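Inspection log for the structure reproduced underneath, given as structure tokens.
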Amino acid sequence: MRLDALRLAYDWALKGEDTALHRDVSAKIAGRLGPRYAADQPWSDAVERRALLRKDKLDSELNVYRSFYPQTNLIKESIRLGYNDLGDFHYAQGHLSDAFKSYIRTRDYCTTSKHVVQMCLNVILVSIELGQFMHVSNYVIKAEQTPDDMDPITAAKLRAAAGLAYMETNKYKLAARKFIETGSELRSNYSEVIAPQDVAVYGALCALASFDRSELKSKVIDNYNFRNFLELVPEVRELVNDFYASRYGSCLGYLEKLKSNLLLDMHLHGHIETLYKDIRHKAIIRYTFPFISVDLNLMAVAFQTSVSLLEKELAALITDNKIQARIDSHNKILYASHADQRNATFQRALQTGNEFERDVKSMLLRANLLKHDFSQKAAERKV
């Protein structure tokens, strides 16, 4: 798929102003797509000349507004717009660090909550592309703390961005909650960062890897808002339902079919192995939990694997204390090591009786002391 992707990237770069991206894509194509996809030097020169004139104009306008003293609200608004335009210019040119600095500088000239939210969204956008997800989390919080009510589209954007930030830092449960809380108003309004289908995939996988059974039911399957996202990706919807219904073979089959495409995802590719491993381990734990003994041959069929590989997985989970069981390797049977519930009940009853006896003796002692007026009065303090 590399050449198809490079062809799309080449055509997309010519629609923008990022000449460095155009040269980089052309170099990676290296003539494999014919002369039409060679580096277009005249186009690059023309774009860079226009960019230089545009930058000089923006800098001069900004310097004029900054020279005014004192700065009234009208002048502050002009400076804010100047920095914002400069940030947009650098972003279009692919100079992300310069764009970040320009957007940050608008912070001192924001006069309304709407300005603050716009500044935060701009910083979040650039920070995601820079891979600086700590900034993403900080500015999501800052935007959500603005005093005025936020429109649903902006709220959905912030939750999706927060979900990305948590996922990139391996906080999958928090990421799942943010993706699930993302409003359906998102639609294609944040296509430069995330698509609704991505919200469905990211949210579902993070939830399967981190939620318990009740959370999966209440927050994912029965969640009307998130169900709208899942309908966009039927395979993901089915694998979630299969996992909850304990149809683990079908669930893992869907995951395997999706894996090759998910490994190409710009945000998810580095988390696929971890998420898949966690989901599989949770499935194995849930499969074994209700039983006193499990036939490994039947279990291997359910999980579409060999008995030897399954035995190794179970041994690792037992070692990590995630499954309380022992393996009969000769007969290929897993025996659960359930606690002695009868003995535990007797122990709790005995402890309760001892505590009751102690409390009754304490009350009788206090009653007798009061009856015989045997009490110690505090000595009067000498002045």
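All values reported here derive from a predicted model rather than from experimental measurement.
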Before accepting this row, confirm whether a basic side-chain N of the pair [X]/[Y] lies closer than 4.0 Å to the acidic partner's carboxylate O.
{"X": "Glu17", "Y": "Arg50", "value": "no"}
{"X": "Glu273", "Y": "Lys259", "value": "yes"}
{"X": "Arg237", "Y": "Glu231", "value": "yes"}
{"X": "Arg23", "Y": "Glu48", "value": "yes"}
{"X": "Asp212", "Y": "Lys219", "value": "no"}

Please report, to 0.1 Å, the donor-acceptor pairs under 3.5 Å made by any side chain of residues 140-150, with sequence neighbours excluded.
from: Thr146; atom 1: OG1; to: Ala143; atom 2: O; distance (Å): 2.8
from: Asp148; atom 1: OD2; to: Ser113; atom 2: OG; distance (Å): 3.4

- [ ] Can you sort out the partners of Tyr37 under ring-ring contact (aromatic ring centres under 6.0 Å, His included), two or more places apart, ordered by chain and number?
- [x]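 ring-ring contact (aromatic ring centres under 6.0 Å, His included) list for Tyr37, sorted by chain: Tyr10.
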Enumerate donor-acceptor pairs with a distance under 3.5 Å from any side-chain N or O in residues 296-308 to protein atoms, sequence neighbours excluded.
from: Asn297; atom 1: ND2; to: Asp295; atom 2: OD1; distance (Å): 3.2
from: Gln304; atom 1: NE2; to: Gly249; atom 2: O; distance (Å): 3.3
from: Ser306; atom 1: OG; to: Ser308; atom 2: OG; distance (Å): 3.3
from: Ser306; atom 1: OG; to: Leu309; atom 2: N; distance (Å): 3.3

- [ ] Before giving the answer on side-chain contact (heavy atoms from CB on, under 4.5 Å), spell out for Lys173 and Glu215 the whole-Å C-alpha distance, their side-chain angles and the decisive distance to 0.1 Å.
- [x] CA-CA 11 Å; Lys173 189 163 191 173; Glu215 285 179 311; 3.3 Å; yes
Atom [atom1] in [X], atom [atom2] in [Y]: separation rounded to 0.5 Å?
{"X": "Arg80", "Y": "Arg107", "atom1": "CZ", "atom2": "CZ", "answer": "14.5 Å"}
{"X": "Ser44", "Y": "His22", "atom1": "OG", "atom2": "NE2", "answer": "4.5 Å"}
{"X": "Leu258", "Y": "Tyr276", "atom1": "CG", "atom2": "OH", "answer": "5.5 Å"}
{"X": "Cys206", "Y": "Arg177", "atom1": "SG", "atom2": "CZ", "answer": "12.5 Å"}
{"X": "Phe226", "Y": "Thr182", "atom1": "CZ", "atom2": "OG1", "answer": "8.5 Å"}
{"X": "Arg326", "Y": "Gln324", "atom1": "CZ", "atom2": "CD", "answer": "12.5 Å"}

- [ ] Answer yes or no: is there a side-chain heavy-atom contact under 4.5 Å between Leu262 and His269?
- [x]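 No, every pair of side-chain atoms sits at 4.5 Å or beyond.
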Donor-acceptor pair, [X] side chain versus [Y] backbone, under 3.5 Å?
{"X": "Ser60", "Y": "Lys57", "value": "yes"}
{"X": "Arg32", "Y": "Ile29", "value": "yes"}
{"X": "Asp198", "Y": "Ala195", "value": "yes"}
{"X": "Asn189", "Y": "Glu185", "value": "yes"}

- [ ] Tell me whether the guanidinium CZ or amine NZ of Arg213 lies under 6.0 angstrom from the six-membered ring centre of Tyr244 and within 45° of its axis.
- [x]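 Yes, Arg213 lies over the aromatic ring of Tyr244.
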Task: Step-by-step side-chain contact (heavy atoms from CB on, under 4.5 Å) determination, Ile75 to Thr72 - done: CA-CA 5 Å; Ile75 297 299; Thr72 63; 3.5 Å; yes
- [ ] Any ring-ring contact (aromatic ring centres under 6.0 Å, His included) involving residues 169-191? Give me the pairs, sequence neighbours left out, ordered by first then second residue.
- [x]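 Only Tyr172-His271, Phe179-Tyr202 qualify under ring-ring contact (aromatic ring centres under 6.0 Å, His included).
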Task: Qualifying ring-ring contact (aromatic ring centres under 6.0 Å, His included) pairs, either residue in residues 120-166, two or more places apart - done: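 Listed by first then second residue: Phe100-His135.
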How far apart are the closest heavy atoms of [X] and [Y], and which atoms are they?
{"X": "Ala176", "Y": "Ser210", "answer": "CB-OG, 4.4 Å"}
{"X": "Ala200", "Y": "Val236", "answer": "O-CG1, 4.0 Å"}
{"X": "Ala161", "Y": "Val136", "answer": "O-CG1, 3.6 Å"}
{"X": "Ile221", "Y": "Val240", "answer": "CG1-CG1, 3.9 Å"}
{"X": "Leu205", "Y": "Ile279", "answer": "O-CD1, 3.9 Å"}
{"X": "Ile79", "Y": "Arg66", "answer": "CD1-CA, 4.0 Å"}

Open item on the list: salt bridge (charged side-chain N to carboxylate O under 4.0 Å, His left out) for Asp98 and Lys55? Distances and angles first, verdict last.
Closed with: CA-CA 12 Å; Asp98 293 332; Lys55 185 176 185 301; over 6 Å; no
Open item on the list: Can you see whether Glu77 engages Thr111 through a side-chain donor-acceptor pair at a distance of less than 3.5 angstrom?
Closed with: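 There is no such pair between these side chains.
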- [ ] Just do the side-chain contact (heavy atoms from CB on, under 4.5 Å) check on Val220 and Leu230 with the steps written out, would you?
- [x] CA-CA 9 Å; Val220 179; Leu230 288 176; 4.3 Å; yes
Open item on the list: Is it the case that over 12 heavy atoms from other parts of the model lie below 6.0 angstrom from the CH2 atom of Trp43?
Closed with: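 Buried by this count: over 12 neighbours within 6.0 Å.
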TODO: Verify the ring-centre separation between Tyr103 and Tyr83: is it less than 6.0 angstrom?
DONE: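 Not close enough - the centres of the two rings lie 6.0 Å or further apart.
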Task: Side-chain cluster (under 4.5 Å, hydrophobic types only) that Phe356 belongs to, other residues - done: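 Listed partners: Val360, Met363, Leu364.
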